[in-house]
Amino acid sequence: MRPAKRYWLFKSEPNKWSWDMQKARGPKGTFWDGVRNHVAKKNLMTMKLGDQGFFYHSNEGKEIVGVVEVIREAYPDPTAEAGDPWVVVDIKAVRPLLRPVTLAQVRADGRLDNMALIKAVRLSVQPVTKAEWQIISELGGLR
DNA sequence: GCCAACGTTGGC
DNA sequence: GCCAACGTTGGC
């Protein structure tokens, strides 16, 4: 049996790598580089083909703007020094949220208090539970 | 192996 | 620009 699909959240500063840039890559997607934290790395290693994630704009915007999908599982980060342990996955843009979900909304919701977005502020690649995924999808106008 | 100092992230 | 949270480094 195929393992249940998992959900994630990818943080990016939009002035470095924005949703629009991700979308412009089309179905080919791109590798998600720059992760230099062991917890985030562990999350990357756990990802399977077809897992979905939210695309979050940190710093400017502070909102979840889109949905991405994992199209290649973890492999060595091409931007890391040889011998470094860091990995990337490939992701592609799937669709934008009809209405971006802001950090303020997530905080105010009450059902999302345990999200890593709030609990682990600095973690750049985070797990999202199925329940959280559904709530945010609704807030974002996706169902 | 502990912990103080320091650097980085990211919200405000 | 400030600072809280947290990770990493290095002295002991």
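Chain identifiers are assigned alphabetically (A, B, ...) following the order of the sequence lines, protein sequences preceding nucleic acid strands; residue numbering begins at 1 within each chain.
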K.L.:
Checking A:Ala131 now: which residues fulfil side chain to side chain contact (heavy atoms under 4.5 Å, CB included) with it, not counting sequence neighbours?
P.N.:
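So A:Ala131 forms a side chain to side chain contact (heavy atoms under 4.5 Å, CB included) with A:Thr129.
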
K.L.:
Check DNA chain C against residues 33-46 of chain A and give the residues with a non-hydrogen atom under 4.0 Å, in numerical order.
P.N.:
A:Asn37, A:His38

K.L.:
With sequence neighbours excluded, what pairs up with A:Val39 under the side chain to side chain contact (heavy atoms under 4.5 Å, CB included) test?
P.N.:
A:Asn37, A:Asn43, A:Leu123

K.L.:
Taking side-chain hydrogen bond (donor to acceptor under 3.5 Å, both in side chains) as the test, write out the residues that go with A:Asp33, two or more places apart.
P.N.:
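Residues passing side-chain hydrogen bond (donor to acceptor under 3.5 Å, both in side chains) with A:Asp33: none at all.
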
K.L.:
Under 4.0 Å between any heavy atoms, over every strand shown, what does A:Leu103 touch: base, sugar-phosphate, or nothing? Just pick one.
P.N.:
sugar-phosphate

K.L.:
What residue pairs, at least two apart or across chains, pass salt bridge (charged side-chain N to carboxylate O under 4.0 Å, His left out) with a residue in residues 13-26 of chain A?
P.N.:
A:Glu13-A:Lys16, A:Asp20-A:Lys23

K.L.:
Running the 4.5 Å side-chain criterion over Ile, Leu, Val, Met, Phe, Trp and Tyr, what cluster does A:Val94 land in, apart from itself?
P.N.:
A:Tyr7, A:Leu9, A:Phe54, A:Tyr56, A:Ile64, A:Val67, A:Leu97, A:Leu98, A:Val101, A:Leu103, A:Val106, A:Leu112, A:Met115, A:Leu117, A:Ile118, A:Val128, A:Trp133, A:Ile135, A:Ile136, A:Leu139, A:Leu142

K.L.:
Can you tell me which residue pairs pass the salt bridge (charged side-chain N to carboxylate O under 4.0 Å, His left out) test with a partner in residues 98-115 of chain A, sequence neighbours excluded?
P.N.:
A:Asp109-A:Arg111

K.L.:
Got a sec, which pairs hit salt bridge (charged side-chain N to carboxylate O under 4.0 Å, His left out) with one end in residues 66-85 of chain A, sequence neighbours left out?
P.N.:
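Every pair satisfying salt bridge (charged side-chain N to carboxylate O under 4.0 Å, His left out) with a residue in residues 66-85 of chain A: A:Arg36-A:Asp77.
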
K.L.:
Could you tell me from which nucleotide to which nucleotide of DNA chain B, 5' to 3', there is an atom under 4.0 Å from chain A heavy atoms?
P.N.:
B:dG7 to B:dC12

K.L.:
Excluding sequence neighbours, so at least two apart, what forms side-chain hydrogen bond (donor to acceptor under 3.5 Å, both in side chains) with A:Glu63?
P.N.:
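side-chain hydrogen bond (donor to acceptor under 3.5 Å, both in side chains) list for A:Glu63, sorted by chain: empty.
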
K.L.:
Please collect all salt bridge (charged side-chain N to carboxylate O under 4.0 Å, His left out) contacts where either partner lies in residues 122-142 of chain A, sequence neighbours excluded, each pair once.
P.N.:
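Passing the test, one end in residues 122-142 of chain A: no pairs.
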
K.L.:
What heavy-atom pair brings A:Gln22 and A:Trp17 nearest, and what distance separates the two atoms?
P.N.:
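Between these two residues, the closest heavy atoms are OE1-NE1, 2.8 Å.
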
K.L.:
For DNA chain B, what residues of residues 110-122 of chain A have any heavy atom nearer than 4.0 Å?
P.N.:
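Per residue number, the list reads A:Val121, A:Arg122.
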
